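Take a look at the structure set out below.
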Amino acid sequence: MRFSFSCFVLLASVQSAGACPVSSQTLVSCSFKGGSKVLTTCLSGNQVSYAFGGRDEEPDLALRRNVRNVGMVPWPGIGGAIWEEFTLKNKGISYTVYYSQERNAGEGAPLTGGVIVERGGEELAHLRCDRGSVESSGYGLPLFEAKERAGQVYSLETGSWQ
């Protein structure tokens, strides 16, 4: 059984919703199914980590990708909600993590979020975060700036990164 330092970091980050290692930033993290499952996504330098699994257990899935290999759709600046999403791919399956905040919901309105799992455009699962459990760095996710630092430029016209 191989156990690397990066796996240790991912295991440590899944201990509780939103708990990224000290040297990294939370992107979007939350719990599911009354807190029995946890999603933690973090940004550390030019690396994005994704860990999903049972609370206080080894993740069912742990991914680590360079920011250049993570898809991101930033909020376009219109609509009743501020939202962003990003996608990590693994073996033909896409994991799209998102958060949303109603613009005029008043103070105390919780963030909402979740993860959509797809293969070839077919939705396999859509897990919505437990109410009040979403933690995020908020609008503008630091992933946007990390992608720009990596030399990528987002085009609103095409909705893609160059």
Side-chain angles (χ1 to χ4, degrees), residues 6-65 67 69-90 93-119 121-148 154 159:
S6 64
C7 287
F8 173 76
V9 170
L10 289 173
L11 285 173
S13 71
V14 82
Q15 295 299 309
S16 64
C20 288
V22 172
S23 63
S24 64
Q25 295 175 281
T26 298
L27 293 174
V28 177
S29 297
C30 68
S31 65
F32 303 92
K33 299 182 179 183
S36 64
K37 296 285 186 180
V38 180
L39 170 69
T40 303
T41 62
C42 310
L43 175 66
S44 182
N46 66 353
Q47 297 292 307
V48 173
S49 61
Y50 172 108
F52 177 86
R55 185 176 298 280
D56 300 324
E57 296 176 9
E58 183 174 334
D60 297 332
L61 179 63
L63 305 172
R64 190 170 183 86
R65 301 286 184 267
V67 296
N69 299 320
V70 175
M72 181 189 184
V73 179
W75 179 52
I78 59 172
I82 297 170
W83 58 270
E84 292 180 299
E85 65 182 37
F86 58 96
T87 303
L88 291 87
K89 294 184 178 186
N90 186 50
I93 298 178
S94 299
Y95 301 87
T96 300
V97 179
Y98 65 90
Y99 79 95
S100 179
Q101 172 72 55
E102 292 300 318
R103 291 175 74 180
N104 298 317
E107 273 190 54
L111 291 173
T112 59
V115 60
I116 301 168
V117 182
E118 296 178 307
R119 180 182 5 218
E122 177 186 347
E123 186 175 294
L124 303 175
H126 185 168
L127 303 174
R128 289 171 179 82
C129 299
D130 291 337
R131 183 172 171 78
S133 74
V134 179
E135 293 187 32
S136 174
S137 54
Y139 176 72
L141 283 178
L143 178 56
F144 186 90
E145 290 177 353
K147 290 178 79 58
E148 286 185 325
Y154 187 75

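The shown structure was predicted, so the numbers you read here are calculated from the model rather than taken from an experiment.
- With values rounded to the nearest 0.5 angstrom, Gln47 atom CD is found 12.0 Å from Leu63 atom CG.
- The structure places OG1 of Thr41 at 9.0 Å from OH of Tyr50, a figure rounded to the nearest 0.5 Å.
- The shortest heavy-atom contact between Leu61 and Asn90 is CD1-ND2, 3.9 Å.
- Note that the OG atom of Ser29 and the CG atom of Leu39 stand 6.0 Å from one another [nearest 0.5 Å].
- Inter-residue side-chain proximity for Ser136 and Leu141 is flagged as met; some heavy-atom pair is nearer than 4.5 Å.
- Using a 4.5 Å heavy-atom threshold, the side chains of Ser44 and Ser49 count as separate.
- Residues passing the side-chain contact (heavy atoms from CB on, under 4.5 Å) test with Asn46, sequence neighbours excluded: Asn66, Val67.
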* To do: Check the pair Leu27, Val97 against side-chain contact (heavy atoms from CB on, under 4.5 Å), reporting the backbone distance first and the verdict last.
  => CA-CA 9 Å; Leu27 293 174; Val97 179; over 6 Å; no

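- Between the side chain of Arg119 and the main chain of Leu124, no donor-acceptor pair closer than 3.5 Å is present.
- Note that the CH2 atom of Trp75 and the CZ atom of Arg103 stand 4.0 Å from one another [nearest 0.5 Å].
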* **Worked verdict on Cys30 versus Val28 for side-chain contact (heavy atoms from CB on, under 4.5 Å)** => CA-CA 7 Å; Cys30 68; Val28 177; 5.6 Å; no

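- To the nearest 0.5 angstrom, Cys20 atom SG is 8.5 Å from Glu135 atom CD.
- Rounding to the nearest 0.5 angstrom, the gap separating the NE2 atom in His126 from the CD1 atom in Ile116 is 4.0 Å.
- Closest of all the heavy-atom pairs between Tyr98 and Val115 is CE2-N, 3.8 Å.
- Sorted by first and then second residue, the side chain to side chain donor-acceptor pair (under 3.5 Å) pairs involving residues 77-89 (not counting sequence neighbours) are Glu84-Tyr99, Thr87-Thr96.
- The nearest pair of heavy atoms linking Pro142 to Ser137 is CD-OG, 2.8 Å.
- Scanning all heavy atoms of the two residues, the minimum distance from Gly53 to Asp60 falls at CA-OD2, 3.7 Å.
- The nearest pair of heavy atoms linking Arg131 to Pro110 is NH1-CG, 3.6 Å.
- The shortest heavy-atom contact between Phe32 and Cys129 is CE2-N, 3.6 Å.
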